[in-house]
Protein chains: 2
Amino acid sequence: MPTATSDDDRDPDLVAVHEGTDVAGGLTRPVGLDRDRILRGAVDYIDAHGLAALTMRRLGASLGVEAMALYRYVPGREDLLDGVVERVIETLFVKDDGDDLYIEEHNGWQDYLMRLGHGIRRIALAHPSVFPLIASRPPAAPWVRPPLRSLRLVESFLGTLTEAGFSDQAAIAAYRAYSSFLLGHLLLEVTQLGAQVSLLDQPEGDPEAQRKTDLTQFPNLQRTEHLLSLDKSAAEFEDALENLLDRLERVLREAQSSDGEVDDLA
Amino acid sequence: MPTATSDDDRDPDLVAVHEGTDVAGGLTRPVGLDRDRILRGAVDYIDAHGLAALTMRRLGASLGVEAMALYRYVPGREDLLDGVVERVIETLFVKDDGDDLYIEEHNGWQDYLMRLGHGIRRIALAHPSVFPLIASRPPAAPWVRPPLRSLRLVESFLGTLTEAGFSDQAAIAAYRAYSSFLLGHLLLEVTQLGAQVSLLDQPEGDPEAQRKTDLTQFPNLQRTEHLLSLDKSAAEFEDALENLLDRLERVLREAQSSDGEVDDLA
DNA sequence: GCCCCTGCGTTTACGGCGTAAACAATCCCG
DNA sequence: CGGGATTGTTTACGCCGTAAACGCAGGGGC
């Protein structure tokens with residue numbers, strides 16, 4: 001039972017990614033460089049070969065250009081990575097094709113938080129190798145908490161909640177709880193995604209001696225190994241998100257019934 | 001109000017780190033290399049200069065040795081980083097001086113999860129620059145979820161919960177929920193820690209023009225900026241941990257009252 | 001028509017990185 | 001005392017990010 005998925009119903013956040021290289025010109029590579037082309041190329045390259053494989057020279061080559069050409073449009077590698085993060089996060093705001101995930105037309109704050117959560121999760125699953133970057137790049141301001149990395153996003157978050165009756169303190173407590181939840185769940189989900197594939201492309205070593213880690217001294221692990229390797233990420237995400245929303249709703253109602261006290265997210 | 005801490009009571013997980021370089025010999029650097037010395041040196045170096053600054057050459061220099069000498073004891077840089085993670089995590093099991101955090105003598109599973117959570121949090125706060133490594137290094141097995149990175153730890157987790165009456169499925173659901181919670185909270189906590197210092201050691205640029213990000217188009221951010229920059233990490237950690245434990249207890253009781261059904265972590 | 005300026009990509013070069021391989025020095029044990 | 005084993009150093013290679021100088025085409029003013 002390798003690489004098992006839990007249920008038969010498909011994961012709605014797991015959408016096919018196509019957006020191949022543009023066919024605007026018609027010739028193989030007619031147009032010149034430009035910052036947006038570079039960032040797009042970087043995202044594609046990371047998706048294809050992993051974050052560690054991205055170097056200026058290789059990115060240049062993948063765009064048909066020498067490494068130094070990139071420096072006309074990007075100050076350096078670090079800024080390039082910041083640009084990649086920004087670009088990927090801003091995908092949230094484009095009202096795409098199908099899109100029940102467009103966060104700016106929502107019905108109430110719960111619906112908003114659901115859309116936002118699934119929107120970020122969709123990004124994480126579409127670009128699993130980029131997500132650790134989203135999680136770990138030093139934020140612009142100390143209160144910009146990954147994975148909600150744009151001022152615009154935080155503003156919209158706080159606006160939605162305060163409009164719905166949350167006090168400032170409660171909205172911010174909710175912001176912190178929500179970002180922690182998203183970061184933990186999604187980072188672990190993409191980590192496990194990466195672990196699955198990285199185990200497959202490591203067929204080296206003698207296949208006899210160490211074909212399995214020795215679990216004899218770990219009886220609980222041994223007994224539950226088949227359960228541990230099940231992937232229930234989608235259901236767990238949903239459950240934890242609903243639990244968080246319930247908790248926030250409780251806070252909101254308590255604060256509304258007896259306002260005048262200090263809010264405290266319990 | 002820069003760098004504000006929430007309360008007056010001190011954070012119990014925030015302990016002073018001293019353990020300076022050993023004074024075993026008496027001369028400046030009498031003894032030779034050895035894997036453990038190298039790993040200790042690496043942790044110290046990362047704590048002092050950050051993860052990105054750690055190179056084989058510099059680590060060697062900090063140990064009074066050429067870079068290539070390290071390769072007698074460590075296969076390469078990647079394995080060195082794995083060793084650093086392993087070493088830091090195993091700090092959990094040493095029964096130190098004061099230590100109400102020793103996880104192996106606990107009273108019930110709730111106490112165990114509290115000890116474990118605070119133990120990991122203590123590690124994160126003691127080595128904030130190492131923690132992202134703990135979070136993001138590819139795990140040995142797909143079901144080893146950061147930040148609980150050792151087989152021994154996962155075994156002890158599952159053993160404690162199943163002994164307490166959790167079914168295998170419930171214990172594993174708890175393991176996943178718990179690791180997500182820890183990872184999200186602690187990674188964000190150390191990220192903010194790093195962000196605070198990294199803003200301070202960037203005094204460059206004209207201090208007049210861009211002394212503050214322009215927030216005029218973000219009214220909610222502007223209004224709540226003072227709240228956003230408050231650090232309530234300790235209280236939030238406690239609240240979220242308690243909430244998780246309540247949730248798990250609910251699951252446990254429901255399963256015990258009407259067992260025979262499928263467990264589902266709600 | 002010519003000329004030069006300007007924008008864009010290339011070439012070259014430098015120091016630092018991880019690490020393979022050859023080498024030197026010291027120690028230990030017969 | 002002598003020779004292998006052990007441990008650290010030296011040298012070297014290819015790749016990295018990037019500074020700086022260099023071609024080179026296109027186009028507007030004369």
Side-chain angles (χ1 to χ4, degrees), chain A residues 21-22 24-25 27-43 45-46 48-85 129 132-133 136-138 198 202 204-205, chain B residues 21-22 24-25 27-43 45-46 48-85 129 133 136-138 198 202 204:
Chain A
T21 50
D22 66 321
L27 275 176
T28 53
R29 198 163 295 283
V31 308
L33 243 40
D34 118 5
R35 180 176 162 93
D36 211 68
R37 265 174 73 78
I38 293 178
L39 292 181
R40 216 162 348 117
V43 172
Y45 195 93
I46 297 174
H49 308 102
L51 184 54
L54 182 78
T55 71
M56 300 299 277
R57 286 167 153 95
R58 291 207 270 246
L59 175 56
S62 90
L63 293 169
V65 115
E66 296 300 313
M68 289 311 295
L70 306 174
Y71 285 84
R72 295 251 176 224
Y73 307 91
V74 163
R77 183 172 194 266
E78 294 297 291
D79 311 78
L80 176 89
L81 294 182
D82 283 339
V84 164
V85 168
S129 298
L133 211 57
S136 62
R137 203 116 265 275
S198 77
Q202 297 281 32
E204 51 180 312
Chain B
T21 50
D22 66 320
L27 276 176
T28 54
R29 198 161 295 285
V31 309
L33 243 40
D34 117 5
R35 181 178 162 93
D36 211 67
R37 265 174 73 78
I38 293 178
L39 292 181
R40 213 158 355 111
V43 172
Y45 195 94
I46 297 175
H49 308 102
L51 183 55
L54 181 78
T55 71
M56 299 301 277
R57 287 166 153 94
R58 292 208 270 245
L59 175 57
S62 90
L63 293 168
V65 114
E66 297 300 313
M68 289 310 295
L70 306 174
Y71 286 84
R72 295 256 176 221
Y73 307 91
V74 163
R77 184 172 194 267
E78 294 296 293
D79 310 78
L80 175 88
L81 295 182
D82 283 340
V84 164
V85 167
S129 298
L133 211 58
S136 63
R137 202 116 267 274
S198 77
Q202 298 280 29
E204 50 180 314

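All heavy atoms count here, side chains included; hydrogens, waters and symmetry mates do not.
B:L39 pairs with exactly one of B:V85, B:L80, B:D34 by the side-chain contact (heavy atoms from CB on, under 4.5 Å) rule, that one being B:L80.
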Atom pairs, N/O to N/O, protein against nucleotides 19-26 of chain C, distance under 3.5 Å?
{"unit_1": "C:dT19", "atom_1": "OP2", "unit_2": "B:Y71", "atom_2": "OH", "d": "2.7"}
{"unit_1": "C:dT19", "atom_1": "OP2", "unit_2": "B:R77", "atom_2": "N", "d": "2.8"}
{"unit_1": "C:dT19", "atom_1": "O5'", "unit_2": "B:Y71", "atom_2": "OH", "d": "3.3"}
{"unit_1": "C:dT19", "atom_1": "O4", "unit_2": "B:R57", "atom_2": "NH2", "d": "3.4"}

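Among the nucleotides C:dC17, D:dT9, C:dG9, the one closest to the side chain of A:Y73 is C:dG9.
For the pair A:D79 CG and D:dG17 C1', the computed distance is 12 Å after rounding to whole Å. A:E66 places its CD atom 16 Å from the P atom of D:dT18, with the value rounded to the nearest Å. Spacing between atom CG of B:L70 and atom C1' of C:dC17 amounts to 14 Å, rounded to whole angstrom units. One interatomic measurement links the two molecules: CG of A:L63 to P of C:dT10, which rounds to 11 Å at whole-angstrom precision.
The shortest non-hydrogen separation linking B:R35 to B:Y73 is NH1-O, 3.8 Å. For A:S136 against A:P132, the heavy-atom pair with the smallest separation is OG-O, 2.7 Å. Residue A:L59 comes nearest to A:G41 through the heavy atom pair CD1-C, 3.7 Å, listed as atom of the first residue, atom of the second, then distance.
Residue A:R58 has a polar side-chain atom (N or O) positioned under 4.0 Å from OP1 or OP2 of D:dC16.
Helix-axis bend for the helix from C:dG1-D:dC30 to C:dG30-D:dC1: the local axis fitted to the five terminal pairs at one end deviates from that at the other end by 20°, rounded to 10°.
Looking at heavy atoms from C-beta onward, A:R72 lies out of side-chain contact with A:L33 at the 4.5 angstrom threshold. You'll find the side chain of A:L54 stays beyond 4.5 Å of the side chain of A:R58, heavy atoms only.
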Side-chain donor-acceptor distances from residues 63-71 of chain B under 3.5 Å, at least two apart:
none

